[in-house]
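As structure tokens, the structure follows; a few thoughts come after it.
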Amino acid sequence: LTVKDGVTAIAADAFYGCKGVKNIAFPSTVEWVGPYAFHECSDLTDVKLQSVRYVGNNAFFRCIGLRTAVFGERLDSLSPSVFAGCTSLKSFTVPSTVLKIGDSAFRECSSLTKVNIGSNVDIIADAAFTGCSSLRKIIVPDNVVAIGKSVFSGCTNLSSISLGSGLKEIGYGAFYGCSSLTDVHIADSTEPLFLSYNTKPYGKPMGSGLFADAALIDLYVGRVLTYDISEECGISPFYSQGMMENLTIGKDVNEINASMFGGCGALRTIKVEAECPPAISLSSAAPFDVNVFTKATLMVPATSIELYSSA
């Protein structure tokens, strides 16, 4: 199918439910694609829109045959559910002009293995990547300030995530069901980062912290973390990460909250990069599991050994 040169817009619902359309040649004049424009075009395999400025919500919803999609550097947002249910989509590069990834934008894109998030994205909205069970690694750029609730929930093969320095908050359930997550890097910053919870109890005595479903082995914390210290919210984001072996605390961390690493009894290496020892909160419980004091190796800056010894 070829869209005639000079066409600037594809109307909402224009090709809703069309079967048999595999490839569409879009002219460079197309700047606007309406909501539901290609909804459930199940045979569509490739999309290339180099000049598009707007793509509406659900535009390619459940295009189950869609393998590749390319948008040019003019788009300012990815609308809600734009690619939701595109179970054959394997990779996507978010244009550098995009500021927001909308709710459920890639929800249930179960073949998606790689996403390059544009450097100017500042919001990743609720459930944006829920159910992307083939994703293995995510790098959240420094410009992102908020990750919504359930963003990576059900990403069962996600093993590594790097969280940029601009983040201010991560919503609840963001990593729910991320059972393969072993490596988390929280970038250096002098600004605190708020971490919500994973689950709250319904008839149970205790909720779970943000990373409760992960199987952390390596963790880098480059900034002060804030969270609700309560059983209802799982005590801490990393509470009872019983497989975690290596922890690095960055130079900008000047405080470690109560129970932050409680139950992390497998820790063998703790590296603290701050010249001055971080303040330890003992308001309710010690930040570390008791086993750490006899089994783990503590590494600190060579010039600060005396400071840490007397802390």
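With hydrogens and angles disregarded, a donor-acceptor distance shorter than 3.5 Å links the side chain of Ser230 to the backbone of Cys233. Panel note: side chain Ser81, backbone Ala84; no donor-acceptor pair is recorded below 3.5 Å. Judged purely by atom type and a 3.5 angstrom limit, Asn116 has no side-chain atom pairing as donor or acceptor with the backbone of Thr93. Between the side chain of Asp43 and the backbone N or O of Gly20 there is at least one donor-acceptor pair closer than 3.5 Å. Judged by distance alone, the side chain of Ser42 and the main-chain N or O of Cys63 form no donor-acceptor pair under 3.5 Å. Proximity of a side-chain donor or acceptor of Ser77 to a complementary backbone N or O of Lys100 within less than 3.5 Å is not detected. Of the possible polar contacts, none joining the Thr182 side chain to the Ala215 backbone as a donor-acceptor pair under 3.5 Å is found. The backbone N or O of Pro287 lies less than 3.5 Å from no partner atom in the side chain of Ser259, so there is not a single donor-acceptor pair. Judged by distance alone, the side chain of Ser236 and the main-chain N or O of Phe238 form a donor-acceptor pair under 3.5 Å. For the pair Asp126 (side chain) and Asp103 (backbone), a donor-acceptor distance under 3.5 Å is absent.
Between the side chains of Thr156 and Ser133, no donor N or O sits under 3.5 Å from an acceptor N or O. Thr130 and Glu108 share no side-chain donor-acceptor pair at under 3.5 Å.
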Exercise. Give the intermediate values and the outcome of side chain to side chain donor-acceptor pair (under 3.5 Å) for residues Ser208 and Asn198.
Key: CA-CA 5 Å; Ser208 60; Asn198 187 47; 3.2 Å; yes
Exercise. Any chance you could lay out the salt bridge (charged side-chain N to carboxylate O under 4.0 Å, His left out) test for Glu40 and Arg62, step after step, and finish with the verdict?
Key: CA-CA 5 Å; Glu40 292 189 338; Arg62 209 174 291 164; 3.1 Å; yes
Exercise. Under the side chain to side chain donor-acceptor pair (under 3.5 Å) rule, what do Asp122 and Asn143 come out as? Steps first, then yes or no, please.
Key: CA-CA 5 Å; Asp122 55 17; Asn143 210 57; 5.0 Å; no
Self-check item: Verdict with supporting geometry, Gln50 and Ser28, side chain to side chain donor-acceptor pair (under 3.5 Å)
Solution: CA-CA 7 Å; Gln50 292 287 23; Ser28 60; over 6 Å; no
Quiz item: Could you go step by step and tell me if Leu247 and Thr269 meet the side chain to side chain contact (heavy atoms under 4.5 Å, CB included) rule?
Solution: CA-CA 6 Å; Leu247 169 65; Thr269 303; over 6 Å; no
Quiz prompt | Pair Ser96-Asn120, side chain to side chain donor-acceptor pair (under 3.5 Å): steps then yes or no | solution = CA-CA 6 Å; Ser96 62; Asn120 287 310; 4.9 Å; no
Quiz item: Going through the checks in order, is the side chain to side chain contact (heavy atoms under 4.5 Å, CB included) test met by Asp5 and Thr29?
Solution: CA-CA 7 Å; Asp5 192 29; Thr29 52; 3.8 Å; yes
Practice problem: Would you sort out whether Glu31 and Arg74 count as a salt bridge (charged side-chain N to carboxylate O under 4.0 Å, His left out), showing the intermediate values? | Solution: CA-CA 9 Å; Glu31 296 186 345; Arg74 302 181 77 182; 3.5 Å; yes
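The two residues Gly118 and Pro141 have their closest heavy-atom pair at O-CG, 3.5 Å. Considering all non-hydrogen atoms of both residues, Arg223 and Gly164 come closest at NH1-O, 3.7 Å. The two atoms that bring Leu193 and Glu169 nearest to each other are CD1-N, 3.6 Å, heavy atoms only. Taking all atoms of both residues into account, the shortest heavy-atom contact from Lys114 to Leu135 is N-CD2, 3.9 Å. In terms of heavy-atom proximity, Ser111 sits nearest to Thr87 at OG-O, 2.6 Å. Here the closest non-hydrogen pair linking Asn257 and Glu255 is OD1-OE2, 3.5 Å.
The distance between the ring centers of Phe106 and Phe92 falls below 6.0 angstrom. The distance between the ring centers of Phe83 and Phe71 falls below 6.0 angstrom.
Note that CG of Leu66 is 7.5 Å distant from OG1 of Thr45, once rounded to the nearest 0.5 Å. Annotation: the span from Phe288 atom CZ to Ile270 atom CD1 amounts to 4.5 Å, rounded to 0.5 Å. A distance of 8.0 Å separates CG in Leu219 from OG1 in Thr248, rounded to the nearest 0.5 Å. Note that CZ of Phe152 and CD1 of Ile147 are 5.0 Å apart. Values are rounded to the nearest 0.5 Å. The OG atom of Ser196 sits 7.0 Å away from the CG atom of Asp228 when rounded to the nearest 0.5 Å. Note that CG of Leu1 is 5.0 Å distant from CD1 of Ile24, once rounded to the nearest 0.5 Å.
Transitive grouping of hydrophobic side chains (ILVMFWY, heavy atoms separated by less than 4.5 Å) keeps Val82 and Tyr36 in distinct clusters. Placement of Val140 and Val184 within a single hydrophobic cluster is found when ILVMFWY residues are connected by side-chain heavy-atom separations under 4.5 Å, directly or transitively. Linking Ile, Leu, Val, Met, Phe, Trp and Tyr whenever their side-chain heavy atoms come within less than 4.5 Å puts Leu163 and Ile138 in one cluster. Linking ILVMFWY residues whenever their side-chain heavy atoms come closer than 4.5 Å, directly or via other members, leaves Tyr220 and Leu216 in distinct clusters. Residues Tyr176 and Ile170 do not share a hydrophobic cluster, defined by chaining ILVMFWY side chains whose heavy atoms lie under 4.5 Å apart.
Between Asp289 and Leu267 the shortest side-chain heavy-atom distance does not fall below 4.5 Å. Counting heavy atoms from C-beta on, the side chains of Pro35 and Asn58 never come closer than 4.5 Å. Phe261 places a side-chain heavy atom less than 4.5 Å from the side chain of Ile256. Between Tyr172 and Thr199, every side-chain heavy-atom pair lies at or beyond the 4.5 Å cut-off. At a threshold of 4.5 Å between non-hydrogen side-chain atoms, the residues Thr113 and Arg136 do not count as touching. Counting heavy atoms from C-beta on, the side chains of Val144 and Ile123 never come closer than 4.5 Å. A heavy-atom distance below 4.5 Å is not found between the side chains of Leu44 and Phe15. Between Asp76 and Tyr54 the shortest side-chain heavy-atom distance does not fall below 4.5 Å.
For the side-chain contact (heavy atoms from CB on, under 4.5 Å) with Asp252, the qualifying choice from Asp188, Val221, Val224 is Asp188, the only one to do so. The one candidate from Ser179, Cys178, Ser134, Ser180 that meets the side-chain contact (heavy atoms from CB on, under 4.5 Å) condition with Cys155 is Cys178.
Heavy atoms of other residues, nucleotides or ligands lying less than 6.0 angstrom from CD1 of Ile139 number 12 at most. In the displayed structure, Tyr227 atom OH is contacted under 6.0 Å by more than 12 heavy atoms of other residues, nucleotides or ligands. For NZ of Lys4, the number of neighbouring non-hydrogen atoms (other residues, nucleotides, ligands) closer than 6.0 Å is 12 at most. The environment of Met299 atom CE is dense: over 12 non-hydrogen atoms of other residues, nucleotides or ligands sit within 6.0 angstrom.
In this pair, Tyr16 and His39 present their aromatic rings parallel. The plane angle is below 30°, not in the 30 to 60° band.
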